[in-house]
Amino acid sequence: MALLELQGVSRHFGGVRAIDGLDLEVREGEILGLIGPNGSGKSTAVNVITGLYPPSAGRIAFDGRDITAAATHRRLSEGIARTFQNIRLFGGLTVWQNLWVAQNSARDRAARGFLSRWMGGQSGAREGIGKLLAFAGLAGREDELASNLAFGEQRRLEFARALAAKPKLLLLDEPAAGMNAGEIADLDERIRAVRERGVTVLLIEHHMELVMAVTDRVAVLNFGQKIAEGTPAQIQAHSAVRKAYLGGDH
Amino acid sequence: MLADLVQNTLDGLAAGSAYALLAVGFTLIFGVLRRVNLCYGPAIMLGCYAATFVHLSFGAGLLVLALVCVLASVLAGGYVERLCFAPHRKGSGIAAMVASFALWMQLEEVAILALPKHLYPFPALYDGKPIDLAGFTIRVEALVMLGAASVVCAALWWVLYRTRFGIAARAVIDSPLAAELSGISVPRVSMGVFALASAIGGLAGFLVSASFEQVTPMLGMWSTFKGLLAMMLGGLGSLPGAVAGALVLGLVEAHSQWFLGPQLRDLLAFLMLFMLLAIGPRWMTTR
């Protein structure tokens with residue numbers, strides 16, 4: 001069953017068609033890789049899915065509901081969370097506060113009454129944050145300012161912050177950028193662990209080894225359109241993909 | 001001479017604590033939303049007119065007037081936010097600032113045209129004698145303002161560092177984009193910040209009106225100027241800086257009024273701001 005469905009979604013910037021009539025389906029429980037050369041529209045697709053840009057045309061459905069026009073923070077409480085290619089933490093807040101302030105799933109929001117939402121009410125949130133800290137390997141660092149963390153730790157905190165909203169769908173925007181081999185192996189495990197908990201993952205990534213190892217299916221974008229879709233093995237053998245990546249006739 | 005210096009310093013700190021309250025509200029809006037709200041003062045002025053109206057019509061006491069002042073300022077502040085800042089949330093900060101200037105003119109004209117008189121009396125905060133301390137006089141109103149400024153700063157610190165709303169507001173300062181994508185409603189934070197800032201401004205307006213014992217349409221411009229000046233002196237967007245800037249402004253005004261006369265007083269304050277902006281250290285323009 002499709003958790004996220006894009007139908008004929010386009011986003012134009014002036015005359016540039018960043019994505020052009022994109023159909024994409026993310027099935028419940030899978031890890032879908034989204035790859036493509038630089039400028040192929042991957043980031044625009046993520047931004048349209050999360051609501052940063054309204055699409056110029058087309059329709060987006062999530063969990064059986066049309067979310068084409070929903071506000072960004074609403075989509076998060078519906079269950080779409082993301083990380084950023086360039087880390088965007090709340091540097092002036094502590095590690096713990098970064099996670100606390102992001103606990104905005106529809107369920108958490110409902111659990112917080114009007115008063116407790118504005119005046120604190122931290123006790124119920126504590127347990128979930130403890131689990132997230134352990135998951136991100138940041139236990140014991142909760143009172144550190146996020147801006148004081150090392151690069152790898154910041155990436156893990158951002159990952160955990162996205163999970164704080166208890167998403168159904170997690171969008172990872174080039175999570176391996178700037179990581180060494182050991183950190184990528186950790187990331188691989190972490191992505192699988194997230195899926196074990198029932199979270200569907202859309203992985204946008206340049207690092208082919210990671211994509212081929214961890215995903216169930218891969219979709220390939222070029223010039224804002226989907227040029228191929230299939231299992232990692234099918235994609236590796238696909239001629240159009242090789243052409244898009246390597247150029248010329250290979 | 002020394003006696004003058006000491007007395008001027010006391011007077012300066014007294015004026016400065018009123019400026020501090022104005023500057024803290026101003027800075028809260030600038031710090032969180034990166035927007036300059038020129039209509040901050042005129043919204044406070046409307047709050048004070050509402051209070052004096054309630055006083056003249058119903059003879060309400062000071063506590064009620066303080067509440068009316070705060071509530072009416074919050075309503076007026078919310079009106080400003082809806083009209084000037086909500087439409088430009090993702091757009092240009094200059095557009096929002098110009099819009100707030102237009103609304104300033106609107107509110108000031110409303111006050112001038114719609115009210116039968118311009119100058120209205122405001123009940124005195126305290127009508128006893130000023131305190132005499134070894135030959136120096138301290139107005140009781142000044143002590144009240146200093147106390148109010150300290151309490152408001154402590155309460156604001158608590159809100160910003162201990163409550164979910166405050167932490168969400170600080171998340172918006174760090175990255176509005178990530179805040180939105182983490183499910184924080186930026187419009188709601190913006191509205192909350194405006195309400196909080198306007199409430200502080202309303203309290204400042206109440207204390208100022210009650211110690212001047214009058215309200216005029218000039219209160220709007222006065223509040224915006226003093227708040228803006230103190231905020232800029234304090235380094236744009238830093239709350240402790242705004243308080244320090246307000247006290248410095250009060251001191252400079254008190255001393256220059258005494259030694260140079262009232263005409264040069266405002267000139268000197270603006271000259272000081274100009275010097276700091278032109279040749280001041282880098283921290284002037286960062287948070």
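Just so we're on the same page: letters track the sequence lines, and every chain starts at 1.
Taking OH from B:Y161 and CG from A:L93, the interatomic distance works out to 9.0 Å, rounded to the nearest 0.5 Å. Expressed to the nearest 0.5 Å, how far CG of A:L89 lies from CG of B:D174 amounts to 9.0 Å. With values rounded to the nearest 0.5 angstrom, B:E180 atom CD is found 10.5 Å from A:R75 atom CZ. Separating the OG atom in B:S175 from the CG atom in A:N86 is a distance of 10.5 Å, to the nearest 0.5 Å.
When the shell of 6.0 Å around CZ of B:F53 is examined, it contains 12 or fewer heavy atoms from other residues, nucleotides or ligands. Under a cut-off of 6.0 angstrom, the local environment of CZ in B:F274 is sparse, with at most 12 non-hydrogen atoms contributed by other residues, nucleotides or ligands. Residue-environment remark: CZ (A:R195) exceeds the threshold of 12 foreign heavy atoms within 6.0 Å.
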B:L181 vs A:L76, test: side chain to side chain contact (heavy atoms under 4.5 Å, CB included). Steps then yes/no.
CA-CA 7 Å; B:L181 286 159; A:L76 181 107; 5.8 Å; no
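The two atoms that bring A:F90 and B:S182 nearest to each other are CZ-OG, 3.9 Å, heavy atoms only.
Counting only heavy atoms from C-beta outward, the side chains of B:I184 and A:V101 approach each other to under 4.5 Å. By the 4.5 Å heavy-atom criterion applied to side chains, A:R88 and B:L177 are counted as neighbours.
Residue contact with chain B, scored on non-hydrogen atoms closer than 4.5 Å, is absent for A:S77.
The main-chain N or O of A:W100 is found under 3.5 Å from a side-chain atom of B:R164 such that the two form a donor-acceptor pair. In this structure a side-chain-to-backbone donor-acceptor pair under 3.5 Å is present from B:R170 to A:G92.
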